[in-house]
Amino acid sequence: MGRKEMIAMLLAGGEGKRLGVLTKDLAKPAVPFGGKYRIIDFTLSNCVHSGIDTVGVLTQYQPLVLNSHLGIGSPWGLDRRDGGMAVLPPYVKQKGGMWYKGTANAIYQNMGFIDRFDPEYVLIISGDHIYKMDYDLMLQEHKRTGADVTISCIQVGWKEASRFGIMHVDEKGRIESFEEKPKVPTSNMASMGIYIFSWTVLQQYLIRDEANRMSGNDFGKDIIPAMLADGIHLHSYAFNGYWKDVGTIESLWEASMDLLAEKPGLDLYDRSWRIYSVNPNQPGHAVAPGAEISNSLITEGCLVEGGVYRSVLFHGVRTSPDSRVQDSVIMPNAKIGKGARIYRTIIGEGAIVADGVTIGNPSGGPITVIGSDEFVAANQSLLEVEQP
Amino acid sequence: MSRNMLGVINLIHESDELEALTASRCPASVPFGARYRLIDFTLSSMVNSGISKVAVFAHTKYRSLMDHLGSGRHWDLHHRQSSLFVLPPVTDDVNEVRRGDLFHFYQNRDYFTRSSHDYVIVTRSHMVCNINLDHVLEEHIATGADITVICKRQSELYGGMARKVMTDGAGRVTGMQDHFGRLNSDLISMEMYVMRKELLLELVDTSLAQGQDHLVRHAIMSRLDTLLVRSYQYTGYLGVVNTIESYYQNNMQLLRPEVWKSLFFEPGPIFTKVKDEPPARYCEGAKTSNSLIANGTIIEGTVINSIIFRGVHVRKGAVIRNSIVMQNGIIGENCNLDRVILDKDVRIEASRELRGADAVPFVAGKRKII
């Protein structure tokens, strides 16, 4: 097998608890997003556009949908002779098996996979974020600064800062301190969970971390602080494009609405940076006489007979006459009955909303969520609202 | 059952009055129905019926067809157990290229002799339909026919040209004439013939030796007395697309929900080359009604009764009615289009007015700038 300069390890085992019913049967990276994609498509597409042809995808939680989506990586051009995509679930060894205890442990357990390619650098990313980024530019920066580790970072709102790994950097961009999910953040420079490690350095720390029984085996909580304590060179890589963590119902909905802005932060129509996905093979969507669509994304295979306003419809969605879908996300093959009203709601795959039902609150408040394959009957007009 | 049947999509001398649309491509690769090419319907019907070995007898102007078909990946025909062969004429003599299809069948006989399949289905690419060929083969075997020809009762062809078929009460074909013949029958041939492979090879050898050149016109139509040729009646949607009028009208038929639902979904999906286009984007102020819209399209203006292919951009104030806009078309601001067919990559500058008539839509060739 040829030597690779850099390979990617994509952490896709996230359970996505905060996405509630949407992740009941599937892992967070497999949650549908943007009318035809799943969340993981963005990072996978970034990899191939950045010239990375070897990606290990670490799966753990509810892998069925995710695995069938990934296949052998063909939609992303990752079905390669040398390298390509490998799905890496936890496995049983001679002395028993174990789950991936943490992000670092997941990589530790797959050191054999990485060593097969003998890479100079390893890119660690996760399948939970919506963004377009050229990892090759980050690698150039990593080489230029001569750092052992480069962490991609972005300015976030102060209110959100305690959800992220927060860092302080000096004027040259070198990282001085790093704190994972601080209660009281002292900076709003957040880690995007994108790391480039020089493999020899990371290897040592993974082995050391594994030997430490007190460790949580996590990159943000254990590995990075240990490296900082040893004084090795960690550098920041500032990113100023669109980046969104879609770990909550609220943020998933917001990111969907962001796509409908007049000038969206993330341009899906850029032909030089296509987001690839599994194609559902559906005909063009049909817009019936009497339908009205404005400021929305509609995917192939839909049949729209009602009104759709500022919403995202995935493939195979049917909306009936006199229905109104507003500020909502309707996942694949869901059906909206006659005269139904849907406001600020995420409707799961294959769900059916009966005629005349009203869901959600048009004027604000939390986002309503209907799980996959749920049937919302007419007499159920006041729904239990899923708290994000 | 169809696992035992070879597919042949015969493009040799395929009827073609599609004018500008076939200026640089064969009818098989003419874009149709917002994201497909004509050949997709026959090819998808074959693979959905379990046929795993398909040959396309390419003839002329097949560059875009090869680009479209590629390795057969999008139809799942690229596996160890399946294959797609694109077989262009095997000759460097221009006069031989002009010869009838039997000559090309003869030249490609290796395709037949190298396989262990017992049956063959020979089709064209201009019959837009979605059909279960397994049922056809079952009926073919059950009736003991030598040849089964798939037909449909349909009087409205919207100007499409199809052979007419006469059968006796038991379904035996007693007469068959080209579209201009005076045979009075509403049973039309879909140009799909099922027979034993051995019979096909025999017809090829014998007919050629008798100085005949065409599979249907000579080898089959002149042997209706000696061979048991039966019709199989298809009842799904059929569009005979080989003239501009029938191209236009059959596209417009797709706007009827029952046609959309049956042609694209029943009995199986229609596959085509995947483009990874994002969903269609409707902007603030967009108006759309009674239309078929593919992914990758951006609509800022008004689209009524129209078919919009992948990656089209309809700018602000533009109004499109009763029209077909193919891939990557750009419709400038405040344009007004009615009854037009725009081939791929056509660009209409701002404020243009273009108008065709119902049977004679205005056609703009590929990459034209108006």
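Each chain gets a letter, A, B and so on, in the order the sequences are listed, and its residues count up from 1.
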Name the option with the most non-hydrogen atom pairs under 4.5 Å to chain B; the candidates are [options].
| options | value |
| --- | --- |
| A:R271, A:E262, A:E300 | A:E300 |
| A:G34, A:S296, A:G290, A:S294 | A:S296 |
| A:V312, A:L268, A:V304, A:V308 | A:L268 |
| A:P289, A:G35, A:P283, A:A291 | A:P283 |

At a heavy-atom separation under 4.5 Å, does [X] approach chain B through its side chain, its backbone, both, or neither?
| X | answer |
| --- | --- |
| A:L313 | neither |
| A:A286 | both |
| A:N281 | both |
| A:E305 | neither |
| A:R310 | neither |
| A:Y37 | side chain |

For [X] and [Y], test the side chains for any donor-to-acceptor distance below 3.5 angstrom and give the result as yes or no.
| X | Y | answer |
| --- | --- | --- |
| B:Q253 | B:Y158 | yes |
| B:R310 | B:N328 | no |
| B:D134 | B:S49 | no |
| A:Y309 | A:D327 | no |
| A:S50 | A:D136 | no |
| B:S64 | B:S29 | yes |

Does any heavy atom of chain A fall under 4.5 Å from the side chain of [X], the backbone, both, or neither of them?
| X | value |
| --- | --- |
| B:R281 | both |
| B:I298 | side chain |
| B:K261 | side chain |
| B:Y36 | side chain |
| B:I270 | backbone |

Test applied, side chain to side chain contact (heavy atoms under 4.5 Å, CB included); reference residue, B:L21; option that passes from B:M326, B:K366, B:K344: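 Result: among B:M326, B:K366, B:K344, B:M326 is the only option passing the side chain to side chain contact (heavy atoms under 4.5 Å, CB included) with B:L21.
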Whether B:F41 and B:F264 hold their rings parallel, tilted or perpendicular, with breakpoints at 30° and 60°: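 Tilted, since the angle between the ring planes falls between 30° and 60°.
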Working for ring pair (Phe, Tyr, Trp, His ring centres under 6.0 Å), residues B:Y247 and B:H126: CA-CA 10 Å; B:Y247 175 83; B:H126 65 274; over 10 Å; no
